[in-house]
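The residues of the chain are indexed from 1 along the displayed sequence.
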Amino acid sequence: MSTERLGLSAHRARFGEWRASRPFLGGVLLALGGVTVAFVLIFSMGITFARASPSAFALVAATATFLCGVFALVEPDLAGLLGVAGVVSVVVSLVGTPLGAVLGVVLSILGGNLCYAWQPEAES
């Protein structure tokens, strides 16, 4: 079966247009970095957190980083602001994050910078 027969080429074309109209790589990296930091926190400290522990605060900051990445994909007009907010929240999450979350922090900083630098295409 060819892709034209299944209608996949039309879906790929629509996805390509959607992806080009927003900071796709920046949003995905920002969200992936937030998920990575949260997983490292959960699996290194366990599910239970003390009420006011730095790890609980870092988990909230990692969740905010993930949401900044998702919202940058959903609302591309706010990508610059969300990129900065995502980088700030992942840096704040370093307070309670073990050393294993370095990959998530690097991914989030890279994604936040890509979101901040993204500009919509100029209409011809």
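Hydrophobic cluster membership is shared by Val91 and Leu41, with clusters built from Ile, Leu, Val, Met, Phe, Trp and Tyr side chains linked at under 4.5 angstrom. Cluster membership for Val88 and Leu67, using ILVMFWY side-chain heavy atoms within less than 4.5 angstrom, is not shared. Note on Val28: it does not cluster hydrophobically with Leu103, by side-chain heavy-atom contacts below 4.5 Å among ILVMFWY residues. If you chain together hydrophobic residues whose side chains sit under 4.5 Å apart, Leu107 and Leu25 fall into the same group. One hydrophobic cluster, built from ILVMFWY side chains closer than 4.5 Å, holds both Ile42 and Val105.
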Could you give the side-chain donor-acceptor pairs of residues 108-120 under 3.5 Å, partners two or more places apart or in another chain?
residue	atom	partner	partner atom	Å
Ser108	OG	Gly34	N	3.4
Ser108	OG	Gly104	O	2.9
Asn113	ND2	Ile109	O	3.2

Identify all side-chain donor-acceptor contacts of residues 69-82 below 3.5 Å with residues at least two apart in sequence or on another chain.
none

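Atom CZ of Phe24 sits in a crowded spot, with more than 12 heavy atoms from other residues, nucleotides or ligands closer than 6.0 Å. Crowding of Phe15 atom CZ: a count of heavy atoms from other residues, nucleotides or ligands under 6.0 Å exceeding 12.
Side-chain contact between Val37 and Phe66: absent, with no pair of heavy atoms (C-beta onward) separated by less than 4.5 Å.
Listed by first then second residue, pairs satisfying side-chain hydrogen bond (donor to acceptor under 3.5 Å, both in side chains) with a partner in residues 78-92 read Thr65-Ser89, not counting sequence neighbours.
The two atoms that bring Leu59 and Ala38 nearest to each other are CD1-CB, 3.8 Å, heavy atoms only.
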